[in-house]
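Scope of the values below: all heavy atoms of this structure, side chains included, with no hydrogens, waters or symmetry mates. So that the names make sense, note that chain A is the first sequence line, chain B the second, and so on, each numbered from 1.
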2 protein chains.
Amino acid sequence: MNTSILVSPGRLIGAVPMRPPTQGQVESRPIISFIDGQSIYSPGQRAGQAYRVEFGAVRVYRVLANGRRQILAFHFGGNWFGLQNEDRHRSTAEAIGATGVKSVSLQEDPHIWQGLLPAVLENFLSAQEHQLVIGRQSAVERVAGFLLEMSDRSGHSHRFELFMPRVDIADYLGLTIETVSRSLTKLKKKGIIKLHGARGIEIVAYGVLQKLCL
Amino acid sequence: MNTSILVSPGRLIGAVPMRPPTQGQVESRPIISFIDGQSIYSPGQRAGQAYRVEFGAVRVYRVLANGRRQILAFHFGGNWFGLQNEDRHRSTAEAIGATGVKSVSLQEDPHIWQGLLPAVLENFLSAQEHQLVIGRQSAVERVAGFLLEMSDRSGHSHRFELFMPRVDIADYLGLTIETVSRSLTKLKKKGIIKLHGARGIEIVAYGVLQKLCL
DNA sequence: CGGGTCTTTGAATAGTTTCAAGTACAGTGG
DNA sequence: CCACTGTACTTGAAACTATTCAAAGACCCG
């Protein structure tokens, strides 16, 4: 039995004990299905559920008063999201493509939090890494890093399909769709990547891409 | 007895149970003192301690290969930091001015994590809020928001002293010191704030400042 | 094969950074 | 008490990067 399903493959668990099995309480749950763009939760809605992606993908974002959107995170199979300490959501979670999630109630069984701690810490770490990206990297560096991230999360494949449209990438990286497109074109012209249609990405020079995003 | 010391004043605790008192285990600890600029932990160092600021302030940051720095968070009295799931630190934590912290070991007593969960969730929420700031706000908006944040954390005072130099503000907001300076000048010329020396800030038009950062 | 959406490309603009001085401030020693 | 010195901060001008606005091109689905 694999008790480390709570964390992404390849990530070490250091100080955090993995004792209490959230496992059983989650696996027995039904999968809730969502269609592309359907919202899983919205701002103002009561929180109190934690969600795990079973298939498909999820974007979590917030929108400023003037309409500018920032995608805080993408979540894929196995990732937990929706974990928070306030009683109402501030962000929106939406399905990207056909998506299935399982959820557990946090109120019913407060014990569940223990098993979710590694997931919270992982979300936290991702948020910090992303601060570095959007705070201190250029457009090409951000896009390069994004492709590597997507490659990793597609099982370290050199050839993969992006789940999301350009506008999602832009709002995740703090750029515009035009800048994302231009950055991809630059990487393509340098022979570092190849584009197969709008969503298909092939990483030709993995090492160069890694050097690019520092 | 106040069991909500783990969270900043004014923040609601929703779904998270506050049961296990990390409290007693922390209060009995000695205060460790640091001088200005002294590092509390550095990248590569073994993690396994959680820290709480007793007095002074702490900056947590990461540096990219090319030397660009991003301050991930500032921590003031009562704030917890250093919480993570990996066994080695990736970031640096440094004292800003004379600073005292208490620390608890996470390995010795894994139970401690339960009491720290609200702190982790709060750090996570702050990181998300900050993504929005550096991803989607202009320079003046960022600085305006920063001043409000510092005002809040100084007990909602309209007149307060900044703990940190411009370079820290810049690296926190993903800007340069010149842009921070120019933004402050703009706010000053509009009569929204007054500057008293380099560190003293007086918010004249609180409402206007709030509208500015959306 | 057609229609609508998503993506790319181009040109002009706006905002931030970079480089370079100049100014204010705190601490030190005369 | 005041000049001196180093650091921190502000200001200006030029360069650069990303955005905005506009249009053309590619792709997907029925």
Side-chain angles (χ1 to χ4, degrees), chain A residues 35-37 59 64 66-70 96-98 133-147 161-190 193-201 212-214, chain B residues 35-37 59 64 66-70 96-98 133-147 161-190 193-201 212-214:
Chain A
I35 61 165
D36 183 50
R59 62 177 160 251
L64 291 170
N66 57 4
R68 283 174 290 187
R69 183 180 74 151
Q70 176 67 44
I96 306 175
V133 172
I134 57 186
R136 287 293 178 223
Q137 293 196 298
S138 72
V140 190
E141 288 167 354
R142 295 183 208 195
V143 172
F146 177 75
L147 293 180
E161 295 286 316
L162 294 171
F163 284 63
M164 69 292 286
R166 294 288 184 273
V167 66
D168 279 5
I169 303 176
D171 286 350
Y172 179 59
L173 298 178
L175 301 168
T176 60
I177 53 173
E178 293 94 331
T179 303
V180 170
S181 181
R182 277 186 253 268
S183 301
L184 286 169
T185 305
K186 276 180 198 166
L187 294 173
K188 188 181 72 181
K189 284 185 177 165
K190 283 184 184 169
I193 61 169
K194 279 182 186 166
L195 302 176
H196 300 278
R199 301 283 180 94
I201 302 284
L212 259 184
C213 59
L214 300 167
Chain B
I35 61 165
D36 183 50
R59 61 177 161 252
L64 290 171
N66 57 5
R68 282 174 291 188
R69 183 179 74 150
Q70 176 67 44
I96 305 176
V133 172
I134 57 186
R136 286 292 177 223
Q137 293 196 299
S138 72
V140 190
E141 287 166 354
R142 294 183 209 197
V143 172
F146 177 76
L147 293 179
E161 295 286 316
L162 294 171
F163 284 63
M164 68 294 285
R166 294 286 185 276
V167 66
D168 279 5
I169 302 176
D171 286 350
Y172 179 60
L173 298 178
L175 301 168
T176 60
I177 53 172
E178 294 95 331
T179 304
V180 171
S181 182
R182 277 186 254 267
S183 301
L184 285 170
T185 304
K186 274 180 199 166
L187 294 173
K188 188 181 72 180
K189 284 184 177 164
K190 283 183 183 169
I193 61 167
K194 280 182 185 167
L195 303 177
H196 300 277
R199 302 282 180 93
I201 302 284
L212 261 184
C213 58
L214 300 166

- Can you name the closest pair of heavy atoms from Ala144(B) and Leu212(B) and give their distance? CB-CB, 4.2 Å
- Residues of residues 169-177 of chain B with a heavy atom under 4.0 Å from any atom of DNA chain D, listed by number, are none
Enter the distance from [X]:[atom1] to [Y]:[atom2] here, rounded to the nearest 0.5 Å.
X	Y	atom1	atom2	value
Ile201(B)	Leu187(B)	CD1	CG	9.0 Å
Thr185(A)	Ile193(A)	OG1	CD1	8.0 Å
Leu184(B)	Phe146(B)	CG	CZ	9.0 Å

Expressed in angstrom and rounded to an integer, what is the separation of [X] atom [atom1] from [N] atom [atom2]?
X	N	atom1	atom2	answer
Leu184(A)	dC6(C)	CG	C1'	14 Å
Leu162(B)	dC25(C)	CG	P	15 Å
Gln137(A)	dT17(C)	CD	P	15 Å
Leu195(A)	dC6(C)	CG	C1'	14 Å
Arg68(B)	dT17(C)	CZ	P	12 Å

- Task: Could you say whether Val167(B) or Lys189(B) is positioned toward the 5' end of DNA chain D, judged by the nucleotide with the nearest heavy atom to each?
- Result: Val167(B)
- Task: Could you tell me, to 10°, how much the axis swings from one end of the helix from dC1(C)-dG30(D) to dG30(C)-dC1(D) to the other, five pairs per end?
- Result: 40°
- Message: What range of DNA chain D does chain A touch, first nucleotide to last, counting atoms under 4.0 Å from its heavy atoms?
- Response: dA18(D) to dC21(D)
Protein N or O to nucleotides 19-22 of chain C N or O, pairs below 3.5 Å:
from    : atom 1 : to        : atom 2 : distance (Å)
dC19(C) : N4     : Glu178(B) : OE2    : 3.1

- Query: Going by heavy atoms in the side chains, are Leu64(A) and Glu141(B) under 4.5 Å from each other?
  - Reply: no
- Task: For DNA chain C, find the residues of residues 138-145 of chain B with a heavy-atom distance under 4.0 Å and give them by number; none if there aren't any.
- Result: Ser138(B), Ala139(B)
- Note on the structure: By side chain to side chain contact (heavy atoms under 4.5 Å, CB included), Lys194(A) pairs with (sequence neighbours left out) His196(A), Glu202(A), Val204(A)
- Note on the structure: Contacts of Lys186(B) meeting side chain to side chain contact (heavy atoms under 4.5 Å, CB included) (sequence neighbours excluded), chain-then-number -> Val140(B)
- Query: Is any side-chain nitrogen or oxygen of Thr179(B) closer than 4.0 Å to OP1 or OP2 of dT17(C)?
  - Reply: yes
- Map Arg136(A) and Gly197(A) onto DNA chain C by nearest heavy atom, then report which one ends up closer to the 5' terminus. Gly197(A)
Side-chain donor-acceptor pairs of residues 165-179 of chain A under 3.5 Å, sequence neighbours excluded:
from      : atom 1 : to        : atom 2 : distance (Å)
Arg166(A) : NH1    : Ala198(A) : O      : 3.1
Arg166(A) : NH2    : Ala198(A) : O      : 2.8
Asp168(A) : OD1    : Arg69(A)  : NH2    : 2.7
Asp168(A) : OD2    : Arg59(A)  : NH1    : 2.5
Asp171(A) : OD1    : Arg136(B) : NH2    : 2.9
Asp171(A) : OD2    : Arg69(A)  : NE     : 2.6
Asp171(A) : OD2    : Arg69(A)  : NH2    : 3.0
Tyr172(A) : OH     : Glu149(A) : OE1    : 3.3
Tyr172(A) : OH     : Glu149(A) : OE2    : 3.1
Thr176(A) : OG1    : Thr179(A) : N      : 3.3
Thr176(A) : OG1    : Thr179(A) : OG1    : 3.0

- Note on the structure: salt bridge (charged side-chain N to carboxylate O under 4.0 Å, His left out) filter on Arg199(B), not counting sequence neighbours, yields none
